[in-house]
Amino acid sequence: MSFRVPGCHLSRPSLPSHIGIVPNEPAVRSPAPQPQLRVGGTMDPRVAEQPRTVVVQPTTLCPMDCTYCYLLERHLKQEMTVEVASAIANAIAPTWDSIEVVWHGGEPLAVGSARFVELLQPSESLRRAGHVRHKVQTGGGRPITNAWCDVFEQYDISVGVSIDGPRELNGHRVDRGGRAMFDRTVAGVEALKQRGIPFTVLAVVSQNSTAHATRILDFLRDLGTRWIGFNVEAKEGANSDAQTPSTGDAQRFWRDTFEWCRVNDDVTVREVANLLGFLALTDAQREADSQHDPIPTIAWNGDVVLLSPELLGISSTTYENFVAGNVLKNDLATIVERAGDLRYVQEFTSALAACKQTCEFFSYCQGAHAGDRYFEHGTFAVTETDHCRNSVQAPALALAELLHTRSGE
């Protein structure tokens, strides 16, 4: 009996359109060469000069206090000015292909719909020309009102909602008073559905939810989404002391997810689609090195970090707080072009070579994400991380186990 997953589209693995966004997907396998990042004075083939995703932080504030949140400044109200938003619009290189601009946070809706429109205006001509596409990732920390729905429709904004599953499995998502966010998040989803606005879902998989993949997937499908991305809880930023899922439990979660997808053809699960997309490539395509999106992430004050949005707001004297530049002073093309001078970028690209030599999963994940290396080990010059084991290796092993089991039927 062959194993197949209807409804999960076969496509090349791609970088996230979110952080925490959205980011957990392997690097891009480009059909044609792109300009490459200069590292240490030479051309490094693993990092593209042109980003596909730019993450923007309209505010550091989040009314929520999720137990696994990595954001250190979520209790501070630091908001982006129109001056910085204008600088971002001006910083996007006119020669670049279409860019997805992901408004993250904090809670992006915390700035209010009127203020958000003011931040959108500087890039409106770029949007109308098809040069940028907007996405908002919200955790429900502020209500999704009709006014917000008007903004989403008027500016053609894709909406992502963060919710981990049914009420009993959504307990990590609370407000500052420790009160559950479940009802408020679902109310926001209902507001979107009433207006016919589609939405994607990002769900965090914690230790207590690894045994409940089917319940989570059933709930999210019934909630109305047709695209789900799972982020296995990791040690990042303010969540550095987390008790993350074991690899065995993660593998069980992914096995159950593959089984669910086999009989549900109306929902795409990001990790399933990415792995099957990889397996659908030719041998030559699978063995080719991919290019990592530099993912410029722009803080409320214009500071830019690269490679991992989770590095935003993190203090490190060794890595000069990871700041690659500021859009008030330089355009993004210049900031990315000079990234090779940054110690953490140099360490990451060097470590990718070690990954390729030592890891049997490298052809799929291409070294995965930079931030996990730092948060787990304090350096980028390492290879394997919990993220590798739980979000890359575990799904692949789960699928192999399932195929082996079914081959005997």
Side-chain angles (χ1 to χ4, degrees), residues 1-18 21-26 28-29 158 160-166 168-170 189 198-233 245-281 286 361 363-365 368 387-409:
M1 178 179 178
S2 63
F3 180 78
R4 61 188 179 85
V5 184
C8 292
H9 310 299
L10 301 184
S11 60
R12 289 186 175 88
S14 60
L15 276 164
S17 58
H18 85 288
I21 172 209
V22 125
N24 290 318
E25 301 181 46
V28 172
R29 280 177 166 72
S158 300
V161 176
S162 298
I163 185 170
D164 298 338
E168 61 273 19
L169 295 174
N170 199 64
V189 168
F199 63 97
T200 60
V201 164
L202 288 178
V204 174
V205 180
S206 299
Q207 182 62 50
N208 69 312
S209 59
T210 53
H212 304 291
T214 298
R215 289 174 61 198
I216 293 169
L217 286 160
D218 283 345
F219 169 80
L220 295 177
R221 176 200 59 205
D222 295 344
L223 190 64
T225 188
R226 292 297 174 262
W227 188 97
I228 301 166
F230 286 115
N231 294 334
V232 180
E233 184 175 358
S246 68
T247 301
D249 287 341
Q251 188 169 330
R252 175 177 61 176
F253 177 87
W254 293 119
R255 177 184 172 117
D256 292 344
T257 297
F258 276 107
E259 286 276 33
W260 185 90
C261 285
R262 188 171 67 90
V263 294
N264 289 272
D265 61 1
D266 54 349
V267 176
T268 295
V269 175
R270 176 183 61 188
E271 291 74 19
V272 171
N274 281 346
L275 182 52
L276 294 181
F278 170 76
L279 295 174
L281 299 174
R286 285 199 295 267
F361 297 91
S363 61
Y364 173 52
C365 79
H387 171 75
C388 296
R389 289 183 283 271
N390 291 341
S391 297
V392 176
Q393 297 175 20
L397 292 171
L399 179 58
E401 178 188 0
L402 203 53
L403 289 169
H404 177 74
T405 300
R406 291 188 173 277
S407 67
E409 295 181 5

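If you're wondering where the values come from, they're calculated on a predicted model, not measured in any experiment. Sequential numbering from 1 along the given sequence is applied to the chain's residues.
Taking the side chain as every heavy atom from C-beta outward, L397 and T247 never approach each other to under 4.5 Å. Here the side chains of W260 and V267 are in contact, with some heavy-atom distance below 4.5 Å. Counting heavy atoms from C-beta outward, R255 and T405 have side chains that approach closer than 4.5 Å. The side-chain heavy atoms of I216 and T257, taken from C-beta on, include no pair separated by under 4.5 Å. In this structure, the side chains of N274 and Y364 come closer than 4.5 Å at one or more pairs of heavy atoms. The shortest side-chain heavy-atom distance between T214 and F253 does not fall under the 4.5 Å cut-off. With contacts defined as side-chain heavy-atom distances shorter than 4.5 Å, the pair E233/T210 does not qualify. For the pair I163/L220, a side-chain contact is recorded, criterion being any heavy-atom separation below 4.5 Å from C-beta on.
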Practice item. For side-chain contact (heavy atoms from CB on, under 4.5 Å), just list the numbers for E168 and R215, CA-CA rounded to whole Å, side-chain angles, deciding distance to a tenth of an Å, and then say yes or no. Key: CA-CA 11 Å; E168 61 273 19; R215 289 174 61 198; 2.2 Å; yes
Practice item. Evaluate the side-chain contact (heavy atoms from CB on, under 4.5 Å) criterion for residues V189 and V201: first the C-alpha distance (whole Å), next the side-chain angles of each, then the deciding distance (0.1 Å), finally the verdict. Key: CA-CA 10 Å; V189 168; V201 164; over 6 Å; no
**Study point:** From CA spacing to verdict: side-chain contact (heavy atoms from CB on, under 4.5 Å), L169, F219
**Key:** CA-CA 11 Å; L169 295 174; F219 169 80; over 6 Å; no
Practice item. Evaluate side-chain contact (heavy atoms from CB on, under 4.5 Å) for R221 paired with N264, printing each intermediate quantity in order. Key: CA-CA 9 Å; R221 176 200 59 205; N264 289 272; 2.7 Å; yes
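Contact record, C261 with V269: SG-CG2, 3.6 Å, taken as the closest heavy-atom pair. Of all heavy-atom pairs spanning A396 and F361, the tightest one is CB-CE2, 3.8 Å. Here the shortest heavy-atom pairing between W254 and S391 reads NE1-CA, 4.5 Å. Closest of all the heavy-atom pairs between A250 and N390 is CB-OD1, 3.7 Å. Scanning all heavy atoms of the two residues, the minimum distance from F230 to E271 falls at O-OE2, 2.7 Å. Taking all atoms of both residues into account, the shortest heavy-atom contact from T225 to F199 is OG1-O, 2.9 Å.
R252 contributes atom CZ, which lies 8.0 Å from atom OG of S246 (distance to the nearest 0.5 angstrom). Between R389 atom CZ and Q251 atom CD the span is 13.5 Å, to the nearest 0.5 Å. The distance from atom CZ of R226 to atom OG1 of T268, rounded to the nearest 0.5 Å, is 10.0 Å. Here the CG atom belonging to L223 is positioned 12.5 Å from the CG atom belonging to D218, to the nearest 0.5 angstrom. We find the CG-CZ distance between L275 and R270 to be 13.0 Å, quoted to the nearest 0.5 Å.
The closest donor-acceptor contact from the side chain of N231 to the backbone of V204 lies at 3.5 Å or more, if one exists at all.
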